Chemist: 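This is the structure I have questions about; it appears just below.
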Amino acid sequence: MKEHKGGKQIQQKGKMKWVIGCQLVIFLFVLFGFSLIWEQKNFGGVTLSSIVFTMIMPLEGTSGSFVISYLLKGLLPAVLVMVLEIAFIWFFRKKWMAKLLKKTGWKESWFLLTRKKAVIFIVGMLALTFGIANYFLEISSFIRSQYVVSTFIEEHYKEPKTTKLVFPEKKRNLIYIFVESGESSLQDKENGGVFDTNYIPEMTRLEKENVSFSQNEQFKGANVTVGGGWTMGGMVSEGTGLPLKLAIQGNSMDKFEYFLPGATGLGDILKEEGYYNYFMCGSDLVFGGRKSYLTQHGYEDYFDYYSAIDEGKIDKDYFEWWGFEDQKLYSYAKEKLTNLAKKDQPFNFTMLTVDTHHIGGYVCPKCKKEHEDQYGNVWSCASKQVAEFVQWIQQQDFYENTTIVICGDHCSMDPDFYAKYNIQMEQRKVFNVFINSAVQPQKVKNRRFTTLDFFPSTLAALGVQIDGEQLALGVNLFSDKKTLAEQYGYDSLYEELKKKSKFYNEKLLFPKK
């Protein structure tokens, strides 16, 4: 009886702190629910680790469409639900509500908020929320990665600094193209993809005419490594042979101003060998920590959205998609490569496209309506632009001594496009092709490999001899040495990489000075 009176006093006499506190908790649950729906709609397949990493990195350069989308489809619905809920409570206090309840036979006490009911509700919602979030975001796996210790990385890590690398007498130029969300899965089934239609026929032709490593007899590319499922993670895994892992301990997260200072990546090695490292993208390079990573690992110069404004190539008010579109990016890339080729110095020109970013991609003037899905049309357009850019390079005088590597940075996060055809994440692989390689592979088909293996393979394609055929956790795919995926299988490899590594944290992530 006391509990009933206490609940009635909370509702009717207005113990506002308690009521406001409960409403705030309810709002947070509702907001989390709509946020999770929005996240799965926009970033299906990402894990908590990638979300946390992105949130602690600089968010400048985020596409305004995502911000607006979240405000309209994440925050606004939560606010509307709470407005309706509060309106219900307000109407419940009216005398006519008591009469209505009396007519229906419902007891007023059923609707009164008591402390006991509030506790049961909150505990129940916490359990439900964790269960749903864990299913989609792998929260338990993330927690385990912070506490369950493994020595796997330490035991298998091959230090690039101390590994003997022999470059050819005449060093080859490198053009490395990260194709945003590039998957070999976008091909038709006959060519190793998962669709009935080949959305990237020009890229398929590049695979057939050059070296492309595959997990079957067709063109089924690389598995995304742990910690490599988003752009920054993909760039790190392909550029250093390491997964991008977090160490959420103490105040360590604020130390990301120093990006993997203990690691040695492709940019570091090439700079040491006299290369000029240059990076180009059509968005704000600061986003996601990309600028910190690149400038701290050998890249001397870069060109991004704000560079285009500073150089007068686009107006200060111009903003399309994430900055400027790929049509402009390829044009600026041709200009820069022409200038780099005039220097008496080998160069590494790395670029990141953006039109094929989710959701739906960016429809540029070159895009044609060849397919019923917008994303499919964007990819067909992207395929043509990649092939045209390669063709232009091949017509230049510097091509003879230049190797081109084209890889996806990760698999696409566009959930609707793949869900429509009931395509599962495990079916999808990362695109790769090595053009004008200095060496030929010993085995191309039926390999088991991840994006970690692109690091030493890129150097091998430049004609670099690698002692032991391994750097960091990546194995040279041009050699006959088994990759870690081939030695242990994907499941065992991923399980070990997810766990906490003291070696990774203390020697690579936060090394002591």
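This is a predicted model, so every value here is computed, not measured. Quick note: residue numbers are just sequence positions, from 1.
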Chemist: Any idea how Phe319 and Tyr305 line up, ring-wise: parallel (<30°), tilted (30 to 60°), or perpendicular (>60°)?
Modeler: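 Answer is perpendicular, since the angle exceeds 60°.
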
Chemist: Relative to the ring of Tyr199, is the ring of Phe195 parallel (under 30°), tilted (30 to 60°) or perpendicular (over 60°)?
Modeler: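 Phe195 and Tyr199: perpendicular rings.
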
Chemist: Classify the angle between the aromatic ring planes of Phe213 and Phe449 as parallel (below 30°), tilted (30 to 60°) or perpendicular (above 60°).
Modeler: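 Plane angle over 60°, so perpendicular.
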
Chemist: How about CG on Asp344, more than 12 heavy atoms from neighbouring residues, nucleotides or ligands closer than 6.0 Å, or not?
Modeler: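 Open.
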
Chemist: Which heavy atom of Val179 sits nearest to which heavy atom of Thr353, and what is that distance?
Modeler: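 Closest heavy-atom pair between Val179 and Thr353: CA-OG1, 3.4 Å.
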
Chemist: Check the side chains of Asn277 and Tyr302 for a donor-acceptor pair under 3.5 angstrom, ignoring hydrogens and angles.
Modeler: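 No pair is found: no donor N or O on one side chain lies under 3.5 Å from an acceptor on the other.
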
Chemist: Check the surroundings of atom CD in Glu155: do more than 12 heavy atoms from other residues, nucleotides or ligands lie under 6.0 Å from it?
Modeler: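 Yes, because the 6.0 Å sphere around CD of Glu155 holds more than 12 heavy atoms from other groups.
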
Chemist: Report the residue from Phe503, Phe152, Tyr504 that forms a ring-ring contact (aromatic ring centres under 6.0 Å, His included) with Tyr157.
Modeler: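 Between Tyr157 and the candidates, ring-ring contact (aromatic ring centres under 6.0 Å, His included) is satisfied uniquely by Phe503.
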
Chemist: Please say whether more than 12 non-hydrogen atoms of neighbouring residues, nucleotides or ligands are located less than 6.0 Å from CD in Glu272.
Modeler: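 No, not enclosed.
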
Chemist: Any non-hydrogen side-chain atom of Gln215 less than 4.5 Å from a side-chain atom of Arg447?
Modeler: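 They are not in side-chain contact.
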
Chemist: How many angstroms lie between atom CZ of Phe178 and atom CE of Met235, to the nearest 0.5 angstrom?
Modeler: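 If I round to the nearest 0.5 Å, the distance is 5.0 Å.
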
Chemist: Distance to the ring centre below 6.0 angstrom and angle to the axis at most 45 degrees; does that hold for Arg428 and Tyr418?
Modeler: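 That pair qualifies as a cation-pi contact.
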
Chemist: What verdict does the side-chain hydrogen bond (donor to acceptor under 3.5 Å, both in side chains) test give for Gln487 and His156, after you've listed the backbone C-alpha separation in whole Å, the side-chain angles of each residue and the deciding distance to 0.1 Å?
Modeler: CA-CA 11 Å; Gln487 294 178 51; His156 293 84; 5.2 Å; no

Chemist: Looking at the rings of Phe287 and Trp322, which for Trp means the six-membered one, are their centres under 6.0 Å apart?
Modeler: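 They qualify: ring centres under 6.0 Å apart.
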
Chemist: Which distance, rounded to the nearest 0.5 Å, do you find between the CE of Met203 and the CG of Leu186?
Modeler: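 That separation rounds to 7.5 Å.
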
Chemist: Are Phe324 and Tyr332 an aromatic pair, judged by ring center distance below 6.0 Å?
Modeler: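 Yes, the ring of Tyr332 comes within the 6.0 Å limit of the ring of Phe324, centre to centre.
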
Chemist: Taking atom CG of Asp315 as the centre, report whether more than 12 heavy atoms of other residues, nucleotides or ligands fall under 6.0 Å from it.
Modeler: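 Yes.
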
